[in-house]
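This structure is a prediction, so every number in the text was calculated from the model and none was measured.
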Amino acid sequence: MRRVIGRVVALFAAILLVLGLGSAPAAADPRDFCLAHMQKVLAVAAKIKAHNARSGSVNRRSAASVAAYNASATKLNAEKTKVAKAAQNCLDAIRDLADERTGSPELKKPTAEREKAIDTARKALPNTWTPPPRPTSTAQNWPAPSDANGRKLYDSLRSHNPGELGNVTLRGRPRPKVGDTDDAYPGLTIGAKRNGDPRVTPDHIIPLTEIMQMKGFLQLTPRNMFAVTRAPLNYQWLSIKANLSKQSRSVGGMSGVNKKWQDDQIKLADEVRPKLEALIQKLLASQ
């Protein structure tokens, strides 16, 4: 009996430590995205505590009493494993999306208004909805939905995304400075905006229109959709000239650009794409 009870206590205490539930999360902590999961973990922890507190009152001479107590422990062990795994999947995915390298922007949770807008748009999509056809060449943009329902979801995810991030590091690279070489165009340098900031902008490596077509994306919760589409993991710095030329198509379709930069960009997209796809699946598993 004690061995069964001991396993519930010891393993769950370790899980609480791994999830960092011994301290309150910071204002922009990735755990904010997984609050519901963590609340379930704490609820199960409370049930385990109550279960363990009853151990002294179990009639150990009664086979029925011992069996009932052990059955409760077995049930709690299963519940503990389920909620802890879901919470860990959520935390792991959010931390990877956030890109925790020094200087990276915070992955903040959506405002209540934004989350509601995404949820409303997501629920308005009919079960038969299908995204626009994929581009057939690198010269074509990934098409945004043109129907009213699909466009509403796209707009709710695209608005102010990525927006102004300030002087931050993206994928370990500091924001280019005025006068720096424009990696995309041979012989050109980064100019200055009217306010003196460099003429660069944060850019989605994998465009939102492609992300919306990834397997399982439309089954994500509104908060998880927000996290995936605003992941610092998927941001990079580009000159405004390069960003306007690229739009939402493959870099392979751009002309007049530095060949090495173009090849590196294609490799970067091929690296980030499967990571986003895998993290979408991990978030689904946590829901």
Side-chain angles (χ1 to χ4, degrees), residues 33 93-94 97-98 105-165 170 200-238 240-254 265 268-270 272-284 286-287:
F33 282 88
I94 293 300
L97 289 169
E106 295 175 338
L107 176 55
K108 297 180 180 179
K109 66 181 181 180
T111 62
E113 292 77 13
R114 174 73 61 186
E115 191 168 357
K116 182 178 179 180
I118 296 171
D119 189 40
T120 299
R122 182 179 65 103
K123 288 178 178 176
L125 282 181
N127 294 332
T128 56
W129 186 84
T130 56
R134 292 166 171 251
T136 57
S137 75
T138 58
Q140 294 178 323
N141 285 321
W142 277 81
S146 57
D147 62 290
N149 289 327
R151 187 71 196 194
K152 188 174 182 180
L153 177 60
Y154 173 82
D155 288 343
S156 68
L157 294 168
R158 187 68 179 90
S159 180
H160 302 292
N161 181 5
E164 291 293 334
L165 298 181
L170 297 180
V200 295
T201 183
D203 169 70
H204 290 93
I205 298 166
I206 305 300
L208 172 58
T209 44
E210 181 178 355
I211 293 173
M212 286 181 66
Q213 296 201 28
M214 288 182 173
K215 181 180 179 181
F217 178 80
L218 295 178
Q219 283 71 56
L220 292 175
T221 64
R223 186 168 294 191
N224 285 341
M225 283 185 173
F226 183 91
V228 171
T229 56
R230 293 173 185 260
L233 172 71
N234 190 38
Y235 288 158
Q236 66 171 335
W237 287 115
L238 279 190
I240 291 178
K241 177 178 173 64
N243 183 267
L244 290 173
S245 177
K246 178 189 173 189
Q247 298 183 49
S248 63
R249 60 177 168 163
S250 167
V251 173
M254 296 173 66
Q265 284 286 301
L268 179 60
D270 288 343
V272 172
R273 183 179 295 107
K275 288 183 179 179
L276 290 177
E277 291 172 334
L279 290 172
I280 287 172
Q281 295 306 310
K282 184 168 282 191
L283 287 171
L284 280 175
S286 77
Q287 293 181 174

Selection residues 129-138 - residue pairs positive for salt bridge (charged side-chain N to carboxylate O under 4.0 Å, His left out), sequence neighbours left out: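 Of all non-adjacent pairs touching residues 129-138, none passes salt bridge (charged side-chain N to carboxylate O under 4.0 Å, His left out).
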
Qualifying salt bridge (charged side-chain N to carboxylate O under 4.0 Å, His left out) pairs, either residue in residues 228-238, two or more places apart: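 Output for this query is empty, none listed.
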
For residues [X] and [Y], report the shortest heavy-atom separation together with the two atoms involved.
X	Y	result
Pro105	Pro232	O-CG, 3.6 Å
Pro207	Ser248	CG-O, 3.7 Å
Ile94	Ala227	CD1-CB, 3.8 Å
Ser245	Met254	OG-CE, 3.6 Å
Pro126	Asn149	CD-ND2, 3.8 Å
Pro133	Pro143	O-CG, 3.1 Å

Show the numbers, then the answer: is there a side-chain contact (heavy atoms from CB on, under 4.5 Å) between Leu157 and Ile211? CA-CA 11 Å; Leu157 294 168; Ile211 293 173; over 6 Å; no

For [X], check salt bridge (Lys or Arg N to Asp or Glu O under 4.0 Å) against everything at least two apart and list the hits.
X	value
Arg122	Asp119
Lys116	none
Glu115	Arg223

Between [atom1] of [X] and [atom2] of [Y], what distance do you get to the nearest 0.5 Å?
X	Y	atom1	atom2	value
Ile118	Lys152	CD1	NZ	12.5 Å
Arg114	Lys109	CZ	NZ	15.5 Å
Ile280	Leu284	CD1	CG	7.5 Å
Asn243	Thr201	CG	OG1	5.0 Å

Who are the side chain to side chain donor-acceptor pair (under 3.5 Å) partners of [X], not counting sequence neighbours?
X	answer
Lys215	none
Gln236	Asp203, Gln265
Arg249	none
Asp155	Arg151

Tell me which pairs pass ring-ring contact (aromatic ring centres under 6.0 Å, His included) where either residue lies in residues 201-231, with sequence neighbours left out.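 The answer is His204-Tyr235.
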
Do the side chain of [X] and the main chain of [Y] share a donor and acceptor less than 3.5 angstrom apart?
X	Y	answer
Gln287	Asn224	no
Asn234	Ile206	yes
Glu277	Gly216	no
Ser159	Ser156	no

Would you please test Leu276 and Leu97 for side-chain contact (heavy atoms from CB on, under 4.5 Å) and show each step? CA-CA 8 Å; Leu276 290 177; Leu97 289 169; 3.9 Å; yes

Taking C-beta and beyond as the side chain, do Thr209 and Pro131 meet within less than 4.5 Å on heavy atoms?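 SC-SC contact between Thr209 and Pro131 ruled out.
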
Should Leu218 and Leu153 be marked as a side-chain contact (heavy atoms from CB on, under 4.5 Å) after you check the CA-CA gap, both sets of side-chain angles, and the distance that decides it? CA-CA 10 Å; Leu218 295 178; Leu153 177 60; 3.7 Å; yes

Considering only residues two or more places apart or on different chains, which pairs with a residue in residues 139-148 satisfy side-chain hydrogen bond (donor to acceptor under 3.5 Å, both in side chains)?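 Passing the test, one end in residues 139-148: Trp129-Asp147, Thr136-Gln140, Asn141-Gln247.
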
Return the set of residues passing side chain to side chain contact (heavy atoms under 4.5 Å, CB included) with Ala93 (not counting sequence neighbours), or none when no residue passes.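 Ala93 satisfies side chain to side chain contact (heavy atoms under 4.5 Å, CB included) with Leu279, Lys282, Leu283 only.
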
Let's go through Leu107 and Phe33 carefully: what are the C-alpha distance in whole Å and the side-chain angles of both, what is the deciding distance for side-chain contact (heavy atoms from CB on, under 4.5 Å) to 0.1 Å, and is it a yes or a no? CA-CA 9 Å; Leu107 176 55; Phe33 282 88; 3.8 Å; yes

